[in-house]
Amino acid sequence: MNILDTLNPEQKRAVLHDKGPLLILAGAGSGKTRVLTHRIAYLIEHRNVKPWNILAVTFTNKAAREMKERVDQIVGYGSHDIWVSTFHSTCVRILRRFIDRIGYERSFSIYDTDDSKTLMREVCKYLDIDTKRIPEKSILSAISRAKDELITPEEFEKSVNGDYMLKKQAEAYKEYQKRLKASNALDFDDLITKTVELFMTDKEALTYYQDRFRYIMVDEYQDTNTAQFRLIHLLASGINEQGKREYNLCVVGDDDQSIYKFRGANIQNILSFEKSFPNTKIIKLEQNYRSTKSILDTANEVIANNIGRKDKSLWTDNEKGEPVSYTQFESDIEEADSITSEIRRIVENNGASYNDFAILYRTNAQSRIFEERLIQKNIPYKIIGSVNFYARKEIKDILAYMKTIDNGLDNIAVKRIINVPRRGIGMTTIDRVNDYALLNGISFYEALVRSQQIPGLERSSSKIMSFVSMIEGLRTQLHQKNYNLAELIDDILDATGYLRELDAEGTDEARDRISNIDELVNKLVTYVEEAEDTPTLSGFLEEVALVSDIDSFDESADNIVLMTLHSAKGLEFPYVYMCGMEEGIFPGYMSIYADNPQEEIEEERRLCYVGITRAMKRLSLSAAKQRMSRGEMSYNKPSRFIHEIPRYLMKVNVPDNEPTKSFAFNKSSLFSEYRQSQKNYKPFITPEPRHLAGSNLTKLEYGIGDKVKHVKFGIGKVTDITMGGKDYEVTVDFERYGIKKLLASFAKLTLAD
DNA sequence: ACGCCGACCGTCCGA
DNA sequence: CGGTCGGCGT
C-alpha cells in the first residue's frame, strides 16, 4: 500500500515536497504529526535519504518517542538511526561530544531551576544584592530572557545605561555565569546558547552536524525562541555537494497556538520564516479531523478576536455534534463536585471510559480541589505536572550524590550533601571551606580534599576527610570494570546511611520518602536496561534533568487526566472540561493588568484556543462565582472568552442544586453521625470473596472494626463493608477526614498496626 | 550545630 | 492556604 493513500491533497504536497525550506501552517487537529511521520518515512523510502541524515525536533520526549514508533510502523526499519528529540536533548547530545572546544568538560552537570536559584542566592550574597529589593527570581528571569535572545553578560552590561536595577542584574549575570563555568555546569538556557556558541566558534563541529543533518524538521515551531531559531538556522545552512545551500528545513507550526511567549518564544520566527529562508514553500493544513463542528466553530469564534494572525480558516467534515456547554457554579467546590460526578455518570451510563476525559485549568493550584473530590469519590485520576518527582528533597539529595561522584566540580551538588545526612559539618565550616576555595580559585570539593591545610578547620577536618574518602570510594567503585550502574544508588544509600536514618524515623513521611527512593532506584534500573548506548551516570542524570511530567502521560491508563492548558498542547480527548473560566483566573490577573494588556490577553486567548481544540466530542466550560485562593475568597466574573462565544453555539446550563454530600461540611455533624452508627454496631463479618466473571476480587486483608491506612486520608477505622457491583465498598471513618465510602480496588487500603 | 516555630509572602504557564 | 526562610532558643 502506498503511504500517501491516507493523506489529503495538502498533506500529500507536504510529504512530497523535495528540497528547500518548507513552512507548514497546520491548524489544530489537522494531522500535522501524520504529515511529519509520513514525510520522514517518504524521505527514507522514496528519496533514498539515510535515516541518520534526518533530525526531527519535537516539543516533548514523549512526542519524540511516538514519532519514532510511527515511522517504524510505516517504514519498518531505520527509525533507530533518525535523530528525534527535543531541543534540549539534542543540544545535550551535541555538547557531550564537543563542549570541550568551548572550555567545559564533557561531564558537565545540568542545573535545574532549583539549582539555579541556589546558585543565584550565593551570587546575590557575594555581590551584596538585597534580595528583598531585587528578588533572585527576577534576576534569574532577566538572565533567562537575555539568554533566549543570545545576549551575553558583556552585551547585557553595555545596555545598562546607568539604570540601577539593570546594573545589578548585569553584575549578577556575569558572576552567575562565572560560577556555572567553575562548577562545570549549564542551566537549561545554556544548553541552547552554548550549542550556538560552539557552532559559532568551531567551524569543524558545525560542519560535522551540517553534513550529518541533511533534512531537518521542527515541530511546534511557533514556540521557538531566538536562540533556538539561530541554532536551527546554523544547522540548516550546510553546503551540499554542488556547493549550494539547500535549507532542507521543514517547520510545522500554528501561530494561533503560540503560548510560550513568557519563556522567550518569538512569534516572528514563524511570521517571517519566508524572509529568513528565501524561496520558502508554504502549505496550509486547514482541515480539522479532530473536533465536531460546534467545537471547531467555537474555537474559530474565540480566536477571531485576535488581530495580526496569519490568514487561515479551519474547517471540518465532522458532524455538528452537541453544542458546547457552559455552567456558572456558585463556588469552586461545587464546580469540582459537579464535574467529577458528571464524569462518573457518563462513564457508568454511556460506556465511556475514564481516559476519555481531561480536566484542564489555567494554573496548577486549581488541581487541588479536584483531587480532593476524586479521592473522595474513588475515581481514578492522574495529575500531570503539579509536584515534580525530581524536585523532592530525598530525590534531590540522592541525585546530588550522583552528581558529586560524576562531576566533582559541581559545587551546588557538593554543598547540598556535605552535611546530609548529618555529619556535624555546619555553616561555619562550610563558609571557611568556601572562602578558601574562592581565594585559591579551586572547586569546593577540591578545597574539601585540602581541608587539613585550611586554617581554623583543625577540629572538623577529620569529619570532612571521611566524607571525601566516602565519595572517592564510591567513585573508584563506579569506575571498576564490571560495576553495574544500577547498584550505584544502593551503594550510596549504604555508604551514607541515608536509608537507615529514614528507617529509624519511622514516620509516615519517612516511609513516603523511602518509597520515593525506591522509585528512583527503579528508574535507574530501567535506564540501565533500556539505554540505547552504553549506560553512563552522566546519561542517567541528564535524562532525569530533561524529563517533563507530560512525558510519563499514558493515555491507555484508565483514569481521568488533569493538567494545565499548557501541558495539554498537542493532546486530544473525547471529553474536555475547561474549568475556572473567570476573569482574573483565565485570562489571568497578571495579563489583565500587564503593561501591554492587548498582547498578553491575546496570548491567553491563544491558550484558550488550544484548550477548546483539544476536545473531540464534547466540550464543557465552567466558572465559579466564588473561589478560595491563597486563603481568601475571591469573586470573579465569567471570563471574557465565554462572552466571545456566540449564544447559538453554546448551551448555558443552570447548575442543579441537588444537595451534594460535601466533606467541606463541618466535621462535628459527621462525627455525631458516626457516633450514632457506633450504637447499632454491626457484627464483625468479612464478606466472602465472590469471584465474579471479569473481576479480580481478592480477599480483603481487613474487616469491620479494623484500623486501616489510606495513602491520602491517613489512618481510619472500617465501619462497614458491602458488595457494590464488582467491587467491595468500604466505609471508613478517618481520623482527619471523617467518614468516606471507598471502593476497595482503588483505595488500596492497608492494615494499620 | 541544630531544630523548631513563626512571620512572611506571593503566587500563572515550563524544559 | 501552603511553603519557605530566617531568627532564636537550646
Side-chain angles (χ1 to χ4, degrees), chain A residues 57-64 85-92 110-118 121 125 131-132 135-138 140-141 144 147-148 186-192 220 223-225 227-228 258-265 332 360-369 372 384-388 390-391 393 419-431 459-460 463 542-551 563-569 580 584-594 600 603-604 606-608 610-611 627-634:
Chain A
V57 183
T58 57
F59 200 67
T60 62
N61 296 300
K62 179 172 178 278
S85 65
T86 63
F87 269 104
H88 294 269
S89 305
T90 303
C91 289
V92 171
I110 300 167
Y111 276 8
D112 63 22
T113 335
D114 266 10
D115 301 326
S116 297
K117 217 158 137 198
T118 310
R121 259 202 295 278
K125 212 162 132 196
T131 51
K132 286 262 168 7
E136 60 259 48
K137 249 178 107 181
S138 76
L140 280 169
S141 77
S144 179
K147 288 182 177 176
D148 289 340
L186 272 62
D187 69 14
F188 282 135
D189 301 312
D190 283 342
L191 295 178
I192 316 291
E220 307 286 7
D223 287 322
T224 53
N225 63 33
Q228 290 164 335
S258 159
I259 55 173
Y260 281 106
K261 191 167 142 286
F262 74 92
R263 67 176 206 211
D332 51 349
L360 307 180
Y361 36 76
R362 179 65 175 83
T363 67
N364 279 313
Q366 290 167 258
S367 69
R368 192 177 208 120
I369 189 158
E372 283 174 4
I384 306 282
S386 56
V387 269
N388 188 354
Y390 294 102
K393 183 188 178 300
N419 200 31
V420 180
R422 302 264 117 77
R423 2 184 121 78
I425 304 173
M427 274 302 290
T428 26
T429 310
I430 292 171
D431 280 346
R459 271 196 308 137
S460 41
K463 294 174 191 156
E542 85 194 28
E543 192 168 294
V544 160
L546 299 178
V547 295
S548 72
D549 213 10
I550 195 79
D551 294 334
M563 65 179 97
T564 62
L565 289 155
H566 281 91
S567 296
K569 187 168 78 156
I585 304 281
F586 189 36
Y589 193 85
M590 302 286 273
S591 57
I592 297 172
Y593 297 100
E600 303 261 330
E603 172 126 337
E604 297 279 303
R606 289 192 291 272
L607 189 55
C608 186
V610 167
R627 139 182 336 265
M628 203 57 142
S629 62
R630 58 175 178 218
E632 55 186 20
M633 198 59 82
S634 61

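Since this is a predicted model, take the numbers as computed values, not measurements. Each chain gets a letter, A, B and so on, in the order its sequence line appears, and its residues count up from 1.
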Could you give the [atom1]-to-[atom2] distance, from [X] to [N], as a whole number of Å?
| X | N | atom1 | atom2 | answer |
| --- | --- | --- | --- | --- |
| A:I259 | B:dG14 | CD1 | P | 9 Å |
| A:M563 | B:dC13 | CE | P | 14 Å |
| A:R627 | B:dC12 | CZ | C1' | 14 Å |
| A:F59 | B:dA15 | CZ | C1' | 8 Å |
| A:D148 | B:dC13 | CG | C1' | 14 Å |
| A:H566 | B:dC12 | NE2 | P | 12 Å |
| A:K62 | B:dA15 | NZ | P | 13 Å |
| A:E220 | B:dC13 | CD | P | 19 Å |

*Where chain A begins and ends its contact with DNA chain C, read 5' to 3' at 4.0 Å from heavy atoms*: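 So the contact region on DNA chain C extends C:dC1 to C:dC5.
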*Kindly say whether A:A265 contributes a backbone atom to a donor-acceptor pair with the side chain of A:N225 at under 3.5 angstrom?*
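Side chain of A:N225 to backbone of A:A265: no pair is present.
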Below 4.0 angstrom from OP1 or OP2 of [N], is there any side-chain N or O of [X]?
| X | N | result |
| --- | --- | --- |
| A:N364 | B:dC12 | no |
| A:R423 | B:dA1 | no |
| A:N61 | B:dA15 | no |
| A:T564 | B:dC13 | no |
| A:T428 | B:dA1 | yes |
| A:S567 | B:dG14 | yes |

_Could you tell me if the side chain of A:D549 sits less than 4.5 Å from the side chain of A:M563, heavy atoms only?_
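A side-chain contact under 4.5 Å is absent here.
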*May I ask you to test the A:Y390-A:V547 pair for a side-chain heavy-atom distance under 4.5 Å?*
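Yes, side chains in contact.
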*Closer to the 5' end of DNA chain B via nearest nucleotide, is it A:I550 or A:S460?*
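It is A:S460, whose closest nucleotide lies nearer the 5' terminus.
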_Quick check: on DNA chain B, is the nucleotide nearest A:G426 upstream (toward 5') of the one nearest A:E600, or the reverse? Name the residue that is more 5'._
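So the residue in question is A:G426.
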Checking all strands, does [X] fall into the base, sugar-phosphate, or nothing category for heavy-atom contacts under 4.0 angstrom?
| X | result |
| --- | --- |
| A:N419 | sugar-phosphate |
| A:K569 | nothing |
| A:G588 | nothing |
| A:T429 | sugar-phosphate |

*asked:* Please report the interatomic distance OH(A:Y361) to OG(A:S567), rounded to the nearest 0.5 Å.
replied: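 A:Y361 OH to A:S567 OG: 8.0 Å, rounded to 0.5 Å.
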*CG on A:L546 to CD1 on A:I110, rounded to 0.5 Å*: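 So the CD1 of A:I110 and the CG of A:L546 are separated by 4.5 Å.
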*Do A:D189 and A:S144 have a side chain donor and acceptor closer than 3.5 Å?*
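Result is yes, a qualifying pair exists.
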*asked:* Ignoring hydrogens and geometry beyond distance, is a side-chain donor-acceptor pair present between A:S138 and A:S141 at under 3.5 Å?
replied: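 Per modelled atom types, A:S138 and A:S141 side chains form no pair under 3.5 Å.
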*With pairs defined as Watson-Crick or G-U wobble and both distances under 3.5 angstrom, please note down DNA chain B as a dot-bracket string, | for pairing with another strand.*
|||||||||......
*The side chain of A:R422 lies closest to which of these nucleotides: B:dG14, B:dA15, B:dG3?*
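Output: B:dG3.
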*What's the closest nucleotide to the A:Y260 side chain, out of B:dG14, B:dA15, B:dC13?*
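Nearest to the side-chain atoms of A:Y260, counting from C-beta on, is B:dG14.
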*Kindly state whether the pair A:F262 / B:dC13 counts as stacked, where counting means centroids closer than 5.5 Å and planes tilted less than 30° apart.*
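A:F262 vs B:dC13: stacking yes.
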_C1' spacing across the pair C:dC5 / B:dC12, given as an integer number of angstrom_ =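 These two C1' atoms come out 23 Å apart once rounded.
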_Is the distance from the ring center of A:F87 to that of A:F188 below 6.0 Å?_
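That pair fails the under 6.0 Å test.
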*Quick one: do A:E136 and A:R121 satisfy salt bridge (Lys or Arg N to Asp or Glu O under 4.0 Å)? Show the steps, please.*
CA-CA 7 Å; A:E136 60 259 48; A:R121 259 202 295 278; 3.4 Å; yes
*A:Y589 atom OH, neighbour heavy-atom count above 12 within 6.0 Å*: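 Incorrect, the count does not exceed 12.
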_Residues A:K147, A:D187; criterion salt bridge (Lys or Arg N to Asp or Glu O under 4.0 Å); working and verdict_ = CA-CA 10 Å; A:K147 288 182 177 176; A:D187 69 14; 2.7 Å; yes
